[in-house]
2 protein chains.
Amino acid sequence: MSAEQAAALIDPGANVGMSGFTGAGYPKAIPAALAQRISAEHAAGNPFRISIWTGASTAPELDGALAQVDGIEMRLPFQSDPVCRAKINSGAMHFADMHLSHVAQHAWFGFLGKLSVAVIEVTAINADGTLVPTMAVGNNKTWLDLADKVILEVNYRLPMAVDGMHDIYYGTALPPHRKPIMLSAPNDRIGETTLRCDPDKVIAIVETDSPDRNTTFAAPDAVSARIAEHIIDFLGHEVRKGRLPNDLLPLQSGVGNVANAVLAGLQQSPFENLTGYTEVLQDGMLDLLRSGKMRSASASAISLSSSALADFLDNIDFYRDRIVLRPQEISNHPEVVRRLGVVAMNSMIEADIYGNINSTHVMGSSMMNGIGGSGDFARNGFLSFFVTPSVAKGGGISCIVPMCSHVDHTEHDTQVIVTEQGLADLRGLSPRQRAQIVIDQCAHPDFRPMLQDYFDRAQQSGGQHTPHILSEALSWHDRCLKTGTMKV
Amino acid sequence: MSAEQAAALIDPGANVGMSGFTGAGYPKAIPAALAQRISAEHAAGNPFRISIWTGASTAPELDGALAQVDGIEMRLPFQSDPVCRAKINSGAMHFADMHLSHVAQHAWFGFLGKLSVAVIEVTAINADGTLVPTMAVGNNKTWLDLADKVILEVNYRLPMAVDGMHDIYYGTALPPHRKPIMLSAPNDRIGETTLRCDPDKVIAIVETDSPDRNTTFAAPDAVSARIAEHIIDFLGHEVRKGRLPNDLLPLQSGVGNVANAVLAGLQQSPFENLTGYTEVLQDGMLDLLRSGKMRSASASAISLSSSALADFLDNIDFYRDRIVLRPQEISNHPEVVRRLGVVAMNSMIEADIYGNINSTHVMGSSMMNGIGGSGDFARNGFLSFFVTPSVAKGGGISCIVPMCSHVDHTEHDTQVIVTEQGLADLRGLSPRQRAQIVIDQCAHPDFRPMLQDYFDRAQQSGGQHTPHILSEALSWHDRCLKTGTMKV
């Protein structure tokens, strides 16, 4: 049927589980049709909002379109759309920012309420009713299993040759019936290549022919390249000390230009035979696979620039042998991440001198995108890096601050902080020891004396485990809100 | 040999791995002898400090004695001794506050430096060189394996009948060689009953005859009893909604009087056939086992009041069939905690209106005890409760604040906050939704209007995902530091 007809099957107030993970695999037509319907209902004075659960971020056609018409009551677990973000930060919609590994199980536990309908993009519907997944698995298995009704978008733009690339694990269960997840290497396969779907639940099928969101990457700039250099030097140091094998351990890399720069740096590094165990596979990791530096990679989604996508499609048989796409409850599972010993590299908004990390909030109140999988990987990984340029907004904002304005990763979960200025290895240190290293190694020279002054004065009075001057701890952020800069 | 002779074998600057977990199983004689030696060296003008790694907290004879003489350079991963705490907070010693599940693996990874010597209390040394563990396993397996030299304290006070109660898992490995931990029920056994020890590493054996630290519990007061009531009501509600089985799921309970009150409350509850999967087994859980309400419990240590200990010793065959003591890397392992679906109940110092939790720091700077295992259980459990009386210090301090002065558990990890005032179920909510519920349900009436006023004004300007007034967010703590109360 048409997208409009399918959209008419979604009720106001429904919890809707949609496909989509980091700009890949989201439904292309129904959200826009639904946004039109919502807009018309609003014009007629009828309230109409739905709650949307996905894998992770989607695209303007989904989050943007539905947020624009004030059609979203609650959004979870992650978003990165400018319109959606603005609506969250104006208070026009609710957002529950969750660990990506928690989403499927919390839905199964019944903690998020009833899932009315799943809207899932697929590559194909097989004759036996199973579904060939797209470039993103996300929470699709869970939405298909839990929802009362299912709406499918079959996207003819997707290559049938992705069939076989996926590993959909059907061994999950509710406690107390859970068993070990028997996955001991990044490319192990423990599931099925297709998604199961009860045909009796399918109330609509819509055909589309549209590309995924185009992810653009800048070539690594000087700052990103310096950060990458520090990380690669450090990994080499760890190998020489015998703390990492020569082929390292499975790499996880967050989204964005810094992450891409690190992967680009690894291309030039002496390390061979690498593996990846990450949530989203982007250009940098595809390059490592193409060159043979990386032998296999596991992810929940593939999100590429248009040139990388062309290479992927041209060489899909090559990549299908080397890439496994999994549900995000497995790609991000603490059990698996800890067992494999993942080396986690994630970007952040700011770190404080004691090693607490803010990944989500600008100036303590405004949501950027969400925590995503960074907590799953940072807490459970073998090594955890958090990276950021040392300053933002043309140098007026220090990304190293006296106290984070919001904490997503605590001092207990942070091991290495990296900026273009340098790298702070915080393993086994007390808060005071960490502070001096973070100031010396990571802070921008414009802010280093201010941070040292704060730390020195904090050590003059009060509790000395984590010295703070509470009346000043957040004053840098407050000043920035009032004057546009953290500088005095 | 004598404790003094053994203490003479520990070098200045050494990293020393000692046994001990929550007041049980710590060496009784050598730390005091070492403290005397350190004191004498200091009097002679010679520097002498060591770093001490344990399972968790110990007792005055260990942490107290060595901190008193300024003999500790770095302490990890947990402590609860008044003298030790005072030295940490005066800046006289360093403390690395770690997730209890991280300690063994970080030591194995080489992240904490070289372990020179292990000082381990045991119940007995078997003819084949294996060791019968005490009332606490903690990190003993790891210290025995990693240390260059081993010193044993054989404590004749411990009953030989504990033999067989332990399950020491030797299947751990370094990544990339790790395999699934095949433990699917709290009382599964996957290891050996004794500790392995290379006899060539044993440089001293010291005999003692001393009890563990005596843990005293107050009978539940009205506040603790109310908190317990709220939790038990909620668990009943979850069972009725079909979100929990009738026999619940394995219970984890933090240390202290509130935790004990919850367990005492369960004694009177309709729930039967309970299980425990926790880090320290205290009086309340022993009572549940004794009454038959609980069928089995797993922990890393047993820490009892003197009357409970007498019961335990009198009925040790009964308890040995129902209790499994494990290394803390298994009792607290994210893989196992998540698989079993543990119901985690942990106390806290304060919560903020948005659901962030401070478990460790008084007024942002002074260490109380440490995070312990609360993060292992809260992040990975099926359900996570954080509990506290709504006020402290005679009512001058609100335990619900606008912003936590330190964050140990983020908004992403908190599900249910409980005070004697009531219970806030935060599952699936946005920060603004959480704030209103926390204020309404959990805040003390003396502070509720102040919190509502803060939240109302924070919603007048700035980012509305997590509304804050940064210049006021920590002003309650700052006022308390200056005036002794958070009240205006």
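Within every chain, numbering begins at 1; the chains are lettered A, B, ... in the order of the sequence lines, protein sequences first and strands thereafter.
Comparing I88(A), V362(A), L112(A), L76(A) by how many heavy-atom pairs each has under 4.5 Å with chain B, the most go to I88(A). Residue with the most contacts toward chain B among M182(A), M98(A), R75(A): M182(A) (heavy-atom pairs, distance under 4.5 Å). Interface summary for chain B: among L183(A), D413(A), D425(A), the most heavy-atom pairs under 4.5 angstrom belong to D413(A). The most heavy-atom pairs under 4.5 Å with chain A, out of T410(B), T275(B), D247(B), come from T410(B). When each of S101(A), P250(A), P176(A) is checked for heavy-atom pairs under 4.5 Å with chain B, S101(A) comes out on top. When each of P334(B), P77(B), S90(B) is checked for heavy-atom pairs under 4.5 Å with chain A, P334(B) comes out on top. The most heavy-atom pairs under 4.5 Å with chain A, out of R479(B), E238(B), Q105(B), come from Q105(B). The most heavy-atom pairs under 4.5 Å with chain B, out of L174(A), L340(A), I371(A), come from I371(A). The candidate with the highest count of non-hydrogen atom pairs below 4.5 Å against chain B, out of R434(A), Q415(A), H477(A), Q459(A), is Q415(A). Among K179(B), R338(B), H333(B), the residue with the largest count of heavy-atom pairs under 4.5 Å with chain A is R338(B). Note: H102(B) leads H102(B), K482(B), M363(B) in heavy-atom pairs under 4.5 Å with chain A. Interface check for chain A: of the options G113(B), A173(B), P175(B), P180(B), the most heavy-atom pairs under 4.5 Å are formed by P180(B).
For K241(B), no part lies near chain A; criterion is any non-hydrogen pair under 4.5 Å. Proximity to chain A is limited to the backbone of M93(B), based on heavy atoms less than 4.5 angstrom apart. Proximity to chain A (any heavy atom under 4.5 Å) is shown, for R379(B), by both the backbone and the side chain. Only the backbone of I181(B) comes within contact range of chain A, with heavy atoms under 4.5 Å apart. For H468(B), the parts sitting under 4.5 Å from any heavy atom of chain A are the backbone and the side chain alike. For M367(A), the parts sitting under 4.5 Å from any heavy atom of chain B are the backbone and the side chain alike. Only the side chain of A473(B) comes within contact range of chain A, with heavy atoms under 4.5 Å apart. Neither the backbone nor the side chain of S475(B) comes within contact range of chain A; no heavy atom of the residue lies under 4.5 Å from a heavy atom of that chain. With a 4.5 Å cut-off on non-hydrogen atoms, P467(B) touches chain A through its backbone but not through its side chain.
No side-chain donor-acceptor contact under 3.5 Å links E411(A) to the backbone of I357(A). The backbone N or O of V401(B) sits nowhere less than 3.5 Å from a side-chain atom of Y454(B) that would complete a donor-acceptor pair. The main-chain N or O of R432(A) is never found under 3.5 Å from a side-chain atom of H94(B) such that the two would form a donor-acceptor pair. Between the D188(A) side chain and the S184(A) main chain, a donor and an acceptor come within less than 3.5 Å of each other. Checked by atom type and distance alone, the side chain of N15(A) pairs as donor or acceptor with a backbone atom of K114(A) at under 3.5 Å.
Scanning both residues, S298(A) and P186(A), for their nearest heavy atoms gives CB-O, 3.3 Å. Scanning all heavy atoms of the two residues, the minimum distance from C404(B) to L474(B) falls at O-CD2, 3.8 Å.
Counted by atom type alone, T466(B) and H406(A) present zero donor-acceptor pairs between their side chains at under 3.5 Å. Between the side chains of R339(B) and N380(B), not a single donor N or O lies within less than 3.5 Å of an accepting N or O. Side-chain contact, S405(B) with H361(B): no donor N or O sits under 3.5 Å from an acceptor N or O.
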Q. What's the verdict on side-chain contact (heavy atoms from CB on, under 4.5 Å) for R85(B) and N369(B), showing C-alpha distance, side-chain angles and the deciding distance?
A. CA-CA 7 Å; R85(B) 184 186 297 133; N369(B) 300 328; 2.7 Å; yes
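Under the 4.5 Å side-chain criterion, counting only non-hydrogen atoms from C-beta, S430(B) is not in contact with F95(A).
Ionic pairing of R178(B) and E335(B) is not present here: no N-O contact between side-chain nitrogen and carboxylate oxygen is shorter than 4.0 angstrom.
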